Amino acid sequence: MSAETTSNPDQSPDLAQRYQHELELALKRYTKAMGLLTNPPEVAVGQSPKEVIWTRNKARLYHYLPSPKAPKKHAVPLLFVYALINKPYVLDLRPGASLIQFLLERGYEIYLLDWGVPGPEDSNLTVDDYVLDYIPRAVKHTLRHAGAKELSILGYCLGGTLLTAFAALHPEMPIKNLIMMAAPLDFASCGLFQKWLDPKHFNVDQVIKAYGNMPAEIIDFGTKLLKPYPNFIGTYVGAFDKLWDDRAVESWLSMQKWVNDGVPFAGAAFKQWIKDFYQENKLTTNRLVLRGRQVKLENIKANLLVIVAQHDHIALPEQSKPLLDLVSSPDKELLVLPAGHVGLVVGRSASKGLWPALDKWLGARSS
């Protein structure tokens, strides 16, 4: 055994004091870490002021109040359509880490469609309902409230998938700019999900028969299994190393609140999502039919921006890119950013990557 690990009577006082200091520091760190894990303090999220301007069932359409810092106002309003399985406040996580706040300060009129949390009574909601009832009404109320003749729409993750079907089925809608952000669209190759959701191994009818709605906890667990170490261990190791940085701890707590604040997936819509998209890849092959209407992507003619995250393991980059070749838009662009699925929109890299790039593209097309 080395001298450093024995109770050597000749050990110098300075060395003993250093060991004592390191031990006390380690105990403090572990105590603080256990406190954060067992009794985390409440953190405020989604703080940008907003108002509800329309509701349907559990869904809410929000209008964000203009920022007093805004130098100008763009004439074309922007509507966010978010995913069904998470809460949209990741777009407005906290001051300084908010895409919505950033855009408000640059003079955009911002709206957001929040799907809400479906209950057992909503298990019969379908993809058809979201695409043909909810989104068209949200668009009309956005235009009416903004007093605008056309609008921009941004779909994030599954919200982008729904928005693509909506835009293809509603070529008459005054959509000037269409933005797909980390949106899974082509399911010919979708990584581990392709194996896990293969009908030979995954009977979605039996799952929904058992649960009614797909529980948020199961969806979250499956998503985290795509990268087990970073999701189950790495996030806590990283937080442990930054325990004395209050700002970093607040950021970590905010993100953990969002990650663990999932939303169940309406049963009927989840069955469609698995069968029509993951198992049969109907959207990009023009075989998707909603209420008897064929979804033809060539009907999309709006200015199109497809944003992909280079390190996205949930919506792989190759799932989004094919849209560019399937639409009729004369103005279309691909933006590839070195980020992950969530890091694309929130965090230090997002403020230097996505935010200014989105502002540049959209600002030039929102007059």
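Since this is a predicted model, take the numbers as computed values, not measurements. These values consider heavy atoms only, across backbone and side chains, with no hydrogens, waters or symmetry-generated copies.
- The distance between the ring centers of F193 and Y278 falls below 6.0 angstrom.
- Using modelled atom types, no side-chain atom of S98 and backbone atom of L93 make a donor-acceptor pair closer than 3.5 Å.
- Counting all heavy atoms, side chain and backbone alike, E105 lies closest to S67 at CG-OG, 3.6 Å.
- Considering all non-hydrogen atoms of both residues, D92 and S48 come closest at OD1-OG, 2.8 Å.
- A heavy-atom distance below 4.5 Å is not found between the side chains of L112 and Y82.
- Ring orientation note: the planes of Y64 and Y62 are tilted relative to one another, at an angle of 30° to 60°.
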The test is salt bridge (Lys or Arg N to Asp or Glu O under 4.0 Å); show your working for K224 and D220 and say whether it passes. CA-CA 6 Å; K224 286 179 177 176; D220 178 61; 3.2 Å; yes
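- When atom types are taken as modelled, the side chain of T285 and the backbone of N281 share a donor-acceptor pair closer than 3.5 angstrom.
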side-chain contact (heavy atoms from CB on, under 4.5 Å) for M181 and L344? Distances and angles first, verdict last. CA-CA 9 Å; M181 189 164 69; L344 180 67; 3.6 Å; yes
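- Within the 3.5 Å criterion, the main-chain N or O of N286 finds a donor-acceptor partner in the side chain of Q294.
- Atom CG of L185 and atom CG of L316 lie 11.5 Å apart (nearest 0.5 Å).
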After noting the C-alpha distance and the side-chain angles of K275 and D205, does the key distance pass the salt bridge (Lys or Arg N to Asp or Glu O under 4.0 Å) rule? CA-CA 10 Å; K275 292 180 179 181; D205 292 310; 3.0 Å; yes
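- Here I175 contributes atom CD1 and S152 contributes atom OG; the two are 9.5 Å apart, rounded to the nearest 0.5 Å.
- Between Y156 and V81, the closest side-chain pair of non-hydrogen atoms is not below 4.5 Å.
- Here the shortest heavy-atom pairing between A182 and S320 reads C-OG, 4.3 Å.
- Counting non-hydrogen atoms of other residues, nucleotides and ligands closer than 6.0 Å to OH of Y211 gives a total of 12 or fewer.
- Residues L162 and V117 do not share a hydrophobic cluster, defined by chaining ILVMFWY side chains whose heavy atoms lie under 4.5 Å apart.
- The residues E51 and R60 are annotated as not salt-bridged, no charged nitrogen and carboxylate oxygen being separated by less than 4.0 angstrom.
- If you chain together hydrophobic residues whose side chains sit under 4.5 Å apart, F221 and F270 fall into the same group.
- Considering only heavy atoms from C-beta on, P66 stays 4.5 Å or farther from L104 through its side chain.
- Residues N177 and W361 are in side-chain contact: their nearest non-hydrogen atoms beyond the backbone lie under 4.5 Å apart.
- For D186 (side chain) and P322 (main-chain N/O), no donor-acceptor pair under 3.5 Å exists by modelled atom type.
- Two residues are said to be in side-chain contact when any heavy atoms from C-beta on lie closer than 4.5 Å; H170 and L132 meet this criterion.
- Residues W115 and F265 place their aromatic rings such that the two centres sit no closer than 6.0 Å.
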Go through the steps to decide whether L358 and L103 satisfy the test side-chain contact (heavy atoms from CB on, under 4.5 Å), and finish with yes or no. CA-CA 9 Å; L358 176 60; L103 293 174; 4.2 Å; yes
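- A side-chain N or O of H63 and one of E109 form a donor-acceptor pair less than 3.5 Å apart.
- Looking at heavy atoms from C-beta onward, H141 lies out of side-chain contact with R56 at the 4.5 angstrom threshold.
- Under 4.0 Å is where a charged nitrogen must lie from a carboxylate oxygen, and between D114 and K87 no such pair does.
- Q47 places none of its side-chain heavy atoms less than 4.5 Å from the side chain of Q101.
- Residues I100 and Y89 are not in side-chain contact: their nearest non-hydrogen atoms beyond the backbone lie 4.5 Å or more apart.
- A salt bridge links R291 with D133: at least one charged nitrogen is closer than 4.0 Å to a carboxylate oxygen.
- For the pair N203 (side chain) and Q206 (backbone), a donor-acceptor distance under 3.5 Å is present.
- Remark: side-chain polar atoms of R94 are not paired, donor with acceptor, to backbone N or O of A44 under 3.5 angstrom.
- Ion pairing between a basic and an acidic side chain is recognised when a charged N comes within 4.0 Å of a carboxylate O; K282 and E280 show such pairing.
- Atom CG of L297 and atom CG of L283 lie 5.0 Å apart (nearest 0.5 Å).
- In this structure, CE in M173 is found 13.0 Å from CG in L178, a value given to the nearest 0.5 Å.
- The NZ atom of K352 sits 14.5 Å away from atom CG of L337, with the distance rounded to the nearest 0.5 Å.
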Using the side-chain contact (heavy atoms from CB on, under 4.5 Å) rule, take K176 and N303 through it: C-alpha gap first, then chi angles, then the decisive distance, then the call. CA-CA 6 Å; K176 182 171 185 179; N303 302 328; 4.1 Å; yes
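- Residues H145 and Y111 place their aromatic rings such that the two centres sit under 6.0 Å apart.
- V263 and L163 end up in different hydrophobic clusters when Ile, Leu, Val, Met, Phe, Trp and Tyr side chains are linked at under 4.5 Å.
- Put simply, the side chain of S328 gets close to the backbone of E298: a donor and an acceptor are under 3.5 Å apart.
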Show the numbers, then the answer: is there a side-chain hydrogen bond (donor to acceptor under 3.5 Å, both in side chains) between N213 and S123? CA-CA 6 Å; N213 292 329; S123 63; 4.7 Å; no
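- The two atoms that bring L61 and A138 nearest to each other are CD2-O, 3.6 Å, heavy atoms only.
- Under a cutoff of 6.0 Å and an axis angle of 45°, R106 and F102 form a cation-pi pair.
- Both F277 and W196 belong to a common hydrophobic cluster when Ile, Leu, Val, Met, Phe, Trp and Tyr are linked at side-chain heavy-atom distances under 4.5 angstrom.
- A continuous path of Ile, Leu, Val, Met, Phe, Trp and Tyr side chains, each step under 4.5 Å between heavy atoms, connects I110 with V52, placing both in one hydrophobic cluster.
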Applying side-chain contact (heavy atoms from CB on, under 4.5 Å) to L362 and I179, what does each step give before you reach the verdict? CA-CA 9 Å; L362 192 58; I179 304 162; 3.9 Å; yes
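- Across every non-hydrogen atom of G343 and A350, the tightest pair is O-CB, 3.6 Å.
- Side-chain polar atoms of D128 and Q272 form a donor-acceptor pair below 3.5 angstrom.
- Between the S329 side chain and the A302 main chain, a donor and an acceptor come within less than 3.5 Å of each other.
- A salt bridge links D331 and R365; the closest N-O separation between the charged side-chain nitrogens and carboxylate oxygens is under 4.0 Å.
- We find the CG-CG distance between L334 and L305 to be 8.0 Å, quoted to the nearest 0.5 Å.
- Of all heavy-atom pairs spanning G160 and A183, the tightest one is CA-CB, 3.9 Å.
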